[in-house]
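Below is one structure, written out as structure tokens, with a few remarks after it.
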Protein chains: 2
Amino acid sequence: MIECSPYKFHVDCPSRKLFEQISDKWSMMILTVLDDGPLRFNEIRRQLEGITQKAQTQTLRRLERNGLVERKVIASSPVAVQYEITPLGRKLQGPFKALYKWTLDYMPEVEKARATYDARIEQVENV
Amino acid sequence: MIECSPYKFHVDCPSRKLFEQISDKWSMMILTVLDDGPLRFNEIRRQLEGITQKAQTQTLRRLERNGLVERKVIASSPVAVQYEITPLGRKLQGPFKALYKWTLDYMPEVEKARATYDARIEQVENV
DNA sequence: CAGAATCCAAACCGATACTG
DNA sequence: CAGTATCGGTTTGGATTCTG
């Protein structure tokens, strides 16, 4: 792990600035569904349970601005818009899949830890 | 990428639940500095520029609850508290480092994309 | 279809003061 | 040292309405 002086994680450290941009609720999921191929606005929507139109628009705009997604307007009536992952966005798939695998592999351990923690806390509070 | 029916990312998908827990502003950074060895509260603080005491406490509690960090109270006067990464937390280092490397490798590309996007937006707005 | 605009409530966040 | 408690200010999030 490379360091950013004088703090390990300086506010100007690229990892902080960039992590903020992709660690929101929906970016990772949108990039993941787009990895299988381009989708239209409502096609994305149908794959992500619970996303609102506003959140989706905002997330897509940020992804587009950061060069991770390309927005293509297809002139027709009514107009069609297609979202496509860029090569840069595709390079995030490796890290994302590693993270995704971790969540599946260790979810049971995390839940066990939570149960233990919550039980201990409750005990302390009920003294 | 494994799917969660009927949506690709169902609300009960482990990846969503767990990703929410670690994708906040500080978790990744705290786990990273703890990877080098256990630290006390204020030692962590000194490595993470801009973190407030409140945010640090909250993040550490969540990490502890999820079994990623262990909190050890050393009886002394004044009391000392040590935070140590757990084996489970350490298993996240691989994915984190992959993500970290991506930010360093592609930050320039992202900034170029932003400049292009912002210039285009400005042009549209100034018509 | 693919959004933009608006409004409101809830969550978060930092600053401050206090404690054993 | 290692926190807890509290209090505004800000941001976020959802629901709703409107548009070409």
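Chain letters run A, B, ... following the sequence lines, proteins first and then strands; every chain starts at 1. Hydrogens, waters and symmetry mates play no part in the numbers below; they use all other heavy atoms, side chains included.
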Side chains of B:F96 and B:D35 in contact at under 4.5 Å (non-hydrogen atoms): no
What integer distance in Å separates A:Q56:CD from D:dG13:C1'? 15 Å
To the nearest Å, how far apart are B:I51 CD1 and C:dG14 P? 9 Å
Rounded to whole angstrom units, what separation is found between the CD atom of A:E20 and the C1' atom of C:dC12? 14 Å
Under-4.0 Å side-chain N/O to phosphate OP1/OP2 contact, A:R61 with C:dA2: no
Just the rounded figure in Å: distance from C1' of C:dA2 to CD1 of A:I74. 12 Å
B:D105/B:K101 ion pair, N-O < 4.0 Å: yes
On DNA chain C, more 5' by nearest nucleotide between B:A55 and A:Q82 is A:Q82
Can B:L104 be reached from B:L31 by stepping across I, L, V, M, F, W or Y side chains whose heavy atoms are under 4.5 Å apart? yes
Considering just the side-chain nitrogens and oxygens of A:Y83, establish if one lies under 4.0 Å of OP1 or OP2 belonging to C:dG3. yes
Pair A:E20 + B:K25: basic N to acidic O under 4.0 Å: no
Per the atom types in the model, does the base of C:dA4 pair as donor or acceptor with the side chain of A:Q53 at under 3.5 Å? yes
Looking only at atom types and distance, does a side-chain atom of A:R45 sit under 3.5 Å from a main-chain N or O of A:I51, one as donor and one as acceptor? yes
Can you tell me the distance, in whole Å, between the CD atom of B:Q58 and the P atom of D:dA2? 18 Å
Among C:dA2, D:dA15, D:dC7, the one nearest A:K54 by side-chain distance: D:dA15
Taking OP1 and OP2 of C:dA2, is either one under 4.0 Å from a side-chain nitrogen or oxygen of A:R40? yes
Just to confirm, is there a sub-4.0 Å distance from OP1 or OP2 of C:dG3 to any side-chain nitrogen or oxygen of A:R45? no
Assuming nearest nucleotide by heavy-atom distance, tell me which of B:F41 and A:T52 is located more 5' along DNA chain D. B:F41
Give the rounded distance in Å between these two atoms: NZ of B:K25 and C1' of D:dT10. 13 Å
For B:E43 and D:dG3, what is the distance between atoms CD and P respectively, to the nearest whole Å? 12 Å
Just how far, in rounded Å, is C1' of D:dC1 from CG of B:L60? 14 Å
Taking only N and O in the side chain of B:R71, is any of them less than 4.0 Å away from OP1 or OP2 of D:dG3? yes
